[in-house]
A.B. asks: 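Encoded as structure tokens, here's the structure I'll be asking about.
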Amino acid sequence: MKPCGRQDVLDISIDGADEVDNQLNCIKGGGACQFQEKIVASCAKDFIIIADYRKDSENLGQKWKRGVPIEVLPVAYRPVKLKIEAMLGGVAKLRMAEYKAGPIVTDNGNFVLDWLFEEHADWVEVNTAIKLIPGVVETGLFLNLAKVAYFGNADGTVKVRKAPGVQNCC
Ligand SMILES: O=C[C@H](O)[C@H](O)[C@H](O)COP(=O)(O)O
């Protein structure tokens with residue numbers, strides 16, 4: 001397998017998620033990796049989620065209570081935070097490190113804002129609004145990307161959910 005950057009298209013990409021809704025929209029980035037994960041997912045013909053039952057949700061925010069992770073340029077974290085809160089409500093908190101002083105720094109040298117949102121209906125609109133704020137690198141909203149999600153249950157069974165319109169996949 002070649003590194004993603006040297007591969008035009010990947011046949012398949014498999015990843016976890018922090019939450020998956022009934023349309024297969026996902027929140028990712030609990031581990032602050034959403035930027036690189038989204039690049040890989042965007043290059044794949046089929047993006048598949050494997051997660052446990054705790055991530056299976058009707059609507060985003062129902063199970064995952066830590067907000068939408070948003071990777072931002074360090075120099076812009078404050079204006080981005082204020083713009084998100086003014087435009088969309090909620091609170092955008094700078095994610096702090098646990099075992100070192102200061103904020104978490106991503107693999108790309110950036111900071112993460114965790115946006116604790118109120119209920120939203122149109123996630124595509126919300127995602128676009130956030131992406132257009134200067135200083136935003138990437139959001140943890142993975143919308144219309146996943147084709148299938150496999151949820152492992154505590155009893156060992158697996159629940160399968162396909163995205164709307166997907167018939168045969170993986
Ligand atoms: O940043 C990391 C990832 O997007 C998610 O947080 C991850 O896929 C979910 O991780 P886990 O399966 O370990 O809860």
Side-chain angles (χ1 to χ4, degrees), residues 1 3-5 10-74 76-77 80-81 84 90-100 102-117 120 123-124 126-128 130-131 135-163 169-170:
M1 190 167 164
C4 180
L10 302 170
D11 287 326
I12 194 163
S13 155
I14 300 172
D15 206 344
D18 299 303
E19 188 174 31
V20 184
D21 78 4
N22 57 12
Q23 305 284 301
L24 259 53
N25 293 318
C26 308
I27 293 179
K28 289 179 56 54
C33 297
Q34 70 272 17
F35 179 33
Q36 295 192 21
E37 290 173 343
K38 200 182 273 190
I39 293 170
V40 174
S42 75
C43 293
K45 286 185 202 160
D46 293 333
F47 175 50
I48 311 299
I49 295 288
I50 297 181
D52 69 59
Y53 63 95
R54 294 169 300 177
K55 319 295 184 69
D56 178 7
S57 176
E58 276 299 302
N59 299 299
L60 297 182
Q62 182 187 329
K63 298 267 180 78
W64 178 251
K65 300 296 181 188
R66 296 190 197 165
V68 176
I70 300 164
E71 182 158 342
V72 295
L73 292 176
Y77 89 84
V80 171
K81 165 189 166 58
I84 289 174
V91 179
K93 284 173 57 178
L94 183 62
R95 191 184 298 181
M96 302 305 285
E98 284 182 35
Y99 299 107
K100 76 166 188 74
I104 289 274
V105 177
T106 69
D107 291 342
N108 317 298
N110 297 315
F111 291 172
V112 174
L113 290 172
D114 288 306
W115 175 48
L116 303 159
F117 54 91
H120 282 282
W123 284 110
V124 171
V126 167
N127 191 52
T128 303
I130 297 173
K131 290 284 305 261
V136 169
V137 176
E138 193 50 85
T139 78
L141 288 166
F142 283 50
L143 309 175
N144 305 315
L145 276 172
K147 286 197 174 161
V148 184
Y150 295 90
F151 299 102
N153 293 315
D155 64 3
T157 58
V158 174
K159 174 176 168 183
V160 183
R161 184 185 301 143
K162 292 184 177 165
C169 167
C170 334

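Keep in mind that the numbers below use all heavy atoms, side chains included, and drop hydrogens, waters and symmetry copies. Both counts, for ligands and for their atoms, begin at 1 and track the order of listing.
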A.B. asks: Quick one: side chain to side chain donor-acceptor pair (under 3.5 Å) partners of Asn144, sequence neighbours excluded?
C.D. replies: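 With neighbours one apart ignored, the set is empty.
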
A.B. asks: Are any of the side-chain nitrogens in Arg54 or Glu19 under 4.0 Å away from the carboxylate oxygens of its partner?
C.D. replies: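 Salt bridge absent between Arg54 and Glu19.
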
A.B. asks: Hey, does the Lys NZ or Arg CZ of Lys55 hover above the aromatic six-ring of Phe151, less than 6.0 Å from the centre and inside 45° of the axis?
C.D. replies: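 No, a cation-pi geometry is absent between Lys55 and Phe151.
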
A.B. asks: side-chain contact (heavy atoms from CB on, under 4.5 Å), that's the test. Do Leu141 and Leu60 meet it? Break it down for me.
C.D. replies: CA-CA 10 Å; Leu141 288 166; Leu60 297 182; 3.9 Å; yes

A.B. asks: For ligand 1, list the protein residues that place a heavy atom within a distance below 4.0 Å of one of its atoms, sorted by chain and number.
C.D. replies: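 Answer by chain and number: Asp15, Gly16, Ala17, Asp18, Lys28, Gly29, Gly30, Gly31, Ala32, Cys33, Glu37, Lys55.
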
A.B. asks: State, without any angle test, whether Gln36 and Asp107 hold a side-chain donor-acceptor pair at a distance under 3.5 Å.
C.D. replies: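 Side-chain D/A pair, Gln36 to Asp107: absent.
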
A.B. asks: Verify the neighbour count for atom CZ of Arg66: are there more than 12 heavy atoms of other residues, nucleotides or ligands below 6.0 Å?
C.D. replies: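 Incorrect, the count does not exceed 12.
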
